[in-house]
Amino acid sequence: MKKALITGVNGMDGSHLADLLLEKNYIVYGVERRSSVKNRTNTAHLERKEHFHFLTADMTDQNTLYRALRDSEPDEVYNLAAQSFVGSSWDIPKQTSDVNGLGVLRMLEAIREYEHDTQRKVKFYQASTSELFGRMVENPATERTPFYPRSPYGVSKLYAHWITKNYRESYDMFNCCGILFNHESERRGIQFVTRKISDGVAQIVHGLSDHITLGNLDAKRDWGYAPDYVESMWLMLQQDRPDDFVIATGETHTIREFLDAAFDVVGISNWEKYVKQDPRFMRPAEVDVLRGDASKAKYELGWTPKTDFQKLVKNMVESDLALLDPQGWRQI
Ligand code: NAP
Ligand code: GDD
């Protein structure tokens with residue numbers, strides 16, 4: 001059986017990737033960091049699986065990463081751990097840079113040391129992002145589009161992207177960067193705009209709130225479905241040679257269009273009266289539009305997105321309606 005190590009396993013992508021790799025008969029080791037209260041909302045269902053194991057490590061502590069490698073002896077490492085919320089990267093820029101940027105260097109150094117000590121080879125996936133394109137200089141963006149990050153988060157991921165490529169070229173490591181555009185699911189963190197909206201709609205339907213407070217409604221994002229996207233991560237590491245790939249749907253939608261679709265699921269057309277705007281949720285520098293061209297992934301990996309925008313929104317809203325009403329919202 002193949003073995004995989006996933007950092008950030010309790011996050012949205014980490015938990016979906018763990019599900020996928022277990023289905024593919026891997027032994028999966030999921031890295032979580034120490035916390036006083038464990039956050040296993042997305043991974044509670046994995047706790048009793050025979051081939052799944054939690055390990056404790058931290059991207060800010062290289063020895064713990066090395067130990068995680070020794071304990072799991074992985075064929076593949078998926079580095080998904082990050083301070084992933086763009087908005088917070090202005091509040092905690094050093095921590096964001098340490099975890100997202102230098103954390104990747106620590107992991108690469110730990111892998112080099114592990115490969116040297118054990119004479120084993122490890123394939124490495126780095127979670128790069130469409131935030132690298134930021135103020136897009138080409139639309140849609142491809143693997144050849146120049147980067148222009150617009151946040152401390154984007155800049156931290158730029159370092160991570162280039163150090164991963166540099167170690168591939170310097171040390172012949174099997175390192176891949178997936179430049180993933182926004183992807184969402186029922187397991188998305190509650191601060192991100194899609195989940196904030198799906199949860200807000202559910203609260204309004206259940207009479208728990210009468211509005212959602214948001215920031216910029218005109219930004220556009222290329223939104224896909226996370227379970228589709230984690231498959232691309234796995235595909236990258238199954239190729240004969242390491243490379244970088246854009247993963248996207250090629251469509252872009254405004255936050256307003258997401259609101260249209262989300263309120264439509266519950267039969268509300270005049271959502272404007274349920275939405276307030278607050279400058280607190282505006283960003284010092286905004287990424288106005290993102291749209292990607294995943295042709296290379298289509299031809300070289302055979303990857304295409306399976307879930308369209310309407311279905312993504314419907315899945316998220318219905319999941320939040322059900323979460324807030326265990327009796328079943330359809331009865332209301
Ligand atoms: P997420 O839900 O925020 O998950 C990130 C995980 O990283 C969390 O489990 C978090 O643990 C963990 N983490 C944070 N700091 C850590 C540290 N110092 N040591 C160890 N673990 C740490 O993010 P996601 O949406 O699944 O995204 C996964 C990765 O893909 C991230 O690197 C993100 O930047 C990148 N990405 C995401 C998207 C997207 O649209 N979702 C697009 C492109 C790239 P705690 O729970 O303890 O905080
Ligand atoms: N979070 C949030 N909350 N965003 C809002 C709000 C709000 O109340 N109102 C408007 N927005 C706008 C943001 O200004 C941004 O333009 C857009 O909604 C999306 O914000 P997020 O959902 O927070 O995601 P993101 O695009 O900034 O970042 C996500 O995608 C990146 C890939 O492009 C994250 O998953 C990153 O980790 C990822 O790299």
Side-chain angles (χ1 to χ4, degrees), residues 6-17 30-35 37-43 55-61 64-65 68 78-89 95-96 98-100 102-104 106-107 125-134 141 149-151 153-154 156-157 160-161 177-185 187-197 200 212-226 229-230 233 247-248 254-256 258-259 275-290 292:
I6 304 174
T7 68
V9 75
N10 290 335
M12 176 180 70
D13 285 4
S15 64
H16 286 300
L17 181 64
V31 170
E32 59 184 0
R33 59 177 164 167
R34 195 214 77 85
S35 60
V37 180
K38 293 239 178 279
N39 176 9
R40 292 185 180 170
T41 311
N42 290 336
T43 47
L55 294 173
T56 302
D58 199 298
M59 298 306 292
T60 59
D61 187 337
T64 67
L65 301 176
Y78 295 87
N79 184 40
L80 308 184
Q83 190 303 92
S84 77
F85 189 57
V86 173
S88 291
S89 74
Q95 198 257 4
T96 302
D98 195 13
V99 174
N100 300 4
L102 288 178
V104 180
R106 292 185 192 103
M107 178 58 97
Y125 173 87
Q126 168 56 19
S128 288
T129 163
S130 48
E131 280 287 309
L132 296 177
F133 298 119
R150 292 271 286 166
S151 63
Y153 169 84
S156 72
K157 286 282 186 174
H161 184 83
C177 297
I179 310 174
L180 272 55
F181 281 64
N182 294 53
H183 47 280
E184 319 292 315
S185 86
R187 299 181 189 172
R188 190 50 142 155
I190 204 83
Q191 276 189 304
F192 298 87
V193 76
T194 55
R195 185 75 194 285
K196 195 170 166 183
I197 293 171
I212 310 172
T213 309
L214 298 171
N216 174 14
L217 304 185
D218 298 314
K220 292 180 167 179
R221 290 292 182 273
D222 180 335
W223 278 300
Y225 191 45
Y229 280 42
V230 296
M233 302 174 183
I247 300 295
T254 59
I255 314 298
R256 285 179 203 282
F258 197 100
L259 284 161
V275 174
K276 294 182 183 171
Q277 281 182 279
D278 188 321
R280 275 191 304 133
F281 297 109
M282 307 282 186
R283 294 175 179 177
E286 178 63 288
V287 169
D288 296 320
V289 58
L290 287 175

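All values reported here derive from a predicted model rather than from experimental measurement. In listed order, ligands and their atoms are each counted from 1.
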If we only count N/O pairs under 3.5 Å, is [X] in contact with ligand 1?
{"X": "Val9", "answer": "no"}
{"X": "Glu184", "answer": "no"}
{"X": "Asp58", "answer": "yes"}
{"X": "Ala82", "answer": "yes"}
{"X": "Tyr153", "answer": "yes"}
{"X": "Val31", "answer": "no"}
{"X": "Arg33", "answer": "yes"}
{"X": "Asn182", "answer": "no"}
{"X": "Ser128", "answer": "no"}
{"X": "Ser84", "answer": "yes"}

Nearest-contact summary for [atom] - protein heavy atom, Å:
{"atom": "atom 10 (C) of ligand 2", "answer": "Asn216 O, 3.1 Å"}
{"atom": "atom 24 (O) of ligand 2", "answer": "Asn182 ND2, 3.8 Å"}
{"atom": "atom 32 (O) of ligand 1", "answer": "Lys157 NZ, 2.8 Å"}
{"atom": "atom 42 (C) of ligand 1", "answer": "His183 CE1, 3.3 Å"}
{"atom": "atom 26 (O) of ligand 1", "answer": "Asp13 N, 2.8 Å"}
{"atom": "atom 4 (O) of ligand 1", "answer": "Gly11 CA, 3.4 Å"}
{"atom": "atom 20 (O) of ligand 2", "answer": "Arg283 NH2, 3.6 Å"}
{"atom": "atom 17 (C) of ligand 2", "answer": "Ile255 CD1, 3.8 Å"}
{"atom": "atom 7 (C) of ligand 2", "answer": "Lys196 NZ, 3.7 Å"}
{"atom": "atom 1 (N) of ligand 2", "answer": "Gln191 O, 3.0 Å"}
{"atom": "atom 22 (O) of ligand 2", "answer": "Val193 N, 2.9 Å"}
{"atom": "atom 29 (C) of ligand 1", "answer": "Leu80 O, 3.1 Å"}
{"atom": "atom 21 (N) of ligand 1", "answer": "Ala81 CB, 3.5 Å"}
{"atom": "atom 36 (C) of ligand 2", "answer": "Ser84 O, 3.3 Å"}
{"atom": "atom 43 (C) of ligand 1", "answer": "Leu180 O, 3.1 Å"}

Can you sort out which atoms of ligand 2 are near [X], meaning under 4.0 Å from one of its heavy atoms?
{"X": "Glu286", "value": "13 (C), 14 (O), 15 (C), 16 (O)"}
{"X": "Ser130", "value": "32 (C), 33 (O)"}
{"X": "Phe281", "value": "8 (O)"}
{"X": "Phe85", "value": "1 (N), 23 (O)"}
{"X": "Ala219", "value": "16 (O)"}
{"X": "Val86", "value": "27 (O), 28 (O)"}
{"X": "Leu290", "value": "33 (O)"}
{"X": "Arg188", "value": "29 (C), 34 (C), 35 (O)"}

(message) In the structure I gave you, are the side-chain heavy atoms of Leu80 and Leu17 within less than 4.5 Å of one another anywhere?
(response) yes

Which of the ligand 1 atoms, numbered from 1, are nearer than 4.0 Å to a heavy atom of [X]:
{"X": "Ala127", "result": "29 (C), 30 (O), 32 (O), 35 (C)"}
{"X": "Thr129", "result": "43 (C), 44 (C)"}
{"X": "Arg188", "result": "25 (O), 39 (C), 40 (O), 41 (N)"}
{"X": "Met12", "result": "2 (O), 25 (O), 26 (O), 41 (N)"}

(message) Testing the basics here: between Gln277 and Asn216, what is the closest heavy-atom pair and its distance to 0.1 Å?
(response) NE2-CA, 4.3 Å

Can you find an N or O of [X] that's nearer than 3.5 Å to an N or O of ligand 2?
{"X": "Leu217", "answer": "no"}
{"X": "Gly215", "answer": "yes"}
{"X": "Thr194", "answer": "no"}

How many angstroms lie between atom [atom1] of [X] and atom [atom2] of [Y], to the nearest 0.5 angstrom?
{"X": "Lys196", "Y": "Ile212", "atom1": "NZ", "atom2": "CD1", "value": "9.0 Å"}
{"X": "Ile179", "Y": "Leu132", "atom1": "CD1", "atom2": "CG", "value": "6.5 Å"}
{"X": "Asn39", "Y": "Asn10", "atom1": "CG", "atom2": "CG", "value": "6.0 Å"}

(request) Could you see which bit of Arg221 sits under 4.0 Å from ligand 2, with heavy atoms only: side chain, backbone, both or neither? (result) side chain

Between ligand 1 and [X], can you find any atom pair, the residue atom being a heavy atom, that is separated by under 4.0 Å?
{"X": "Phe192", "result": "no"}
{"X": "Glu131", "result": "no"}
{"X": "Gly103", "result": "no"}
{"X": "Val99", "result": "yes"}

(request) Report the C-alpha separation of His183 and Met12 in whole Å, then their side-chain angles, then the decisive distance to 0.1 Å, and conclude whether the side chain to side chain contact (heavy atoms under 4.5 Å, CB included) test is met. (result) CA-CA 10 Å; His183 47 280; Met12 176 180 70; 3.9 Å; yes

(message) Tell me whether Lys220 at atom NZ has more than 12 heavy atoms from other residues, nucleotides or ligands lying less than 6.0 Å away.
(response) no

(message) Please work out, at 4.0 Å between heavy atoms, whether the side chain, the backbone, both, or neither of Glu32 comes within that distance of ligand 1.
(response) neither

(request) Tell me which part of Phe85 gets within contact of ligand 1: side chain, backbone, both or neither, using heavy atoms under 4.0 Å. (result) neither

(request) For Lys38 and Glu32, indicate whether the former's side chain and the latter's backbone hold a donor-acceptor pair under 3.5 Å. (result) no

(request) State which residues pass side chain to side chain donor-acceptor pair (under 3.5 Å) with Ser185; sequence neighbours excluded, sorted by chain then number. (result) His16

(message) Under the rule for side chain to side chain donor-acceptor pair (under 3.5 Å), what residues qualify as partners of Asn182, not counting sequence neighbours?
(response) none

(message) I'd like to know whether Arg221 forms a salt bridge (Lys or Arg N to Asp or Glu O under 4.0 Å) with Glu286, so could you lay out the CA-CA distance, the side-chain angles of the two residues, the decisive distance to 0.1 Å, and finally the verdict.
(response) CA-CA 12 Å; Arg221 290 292 182 273; Glu286 178 63 288; 3.7 Å; yes

(request) Output yes when Asp58 and Arg106 qualify as a salt bridge under the 4.0 Å nitrogen-oxygen rule, no when they do not. (result) no

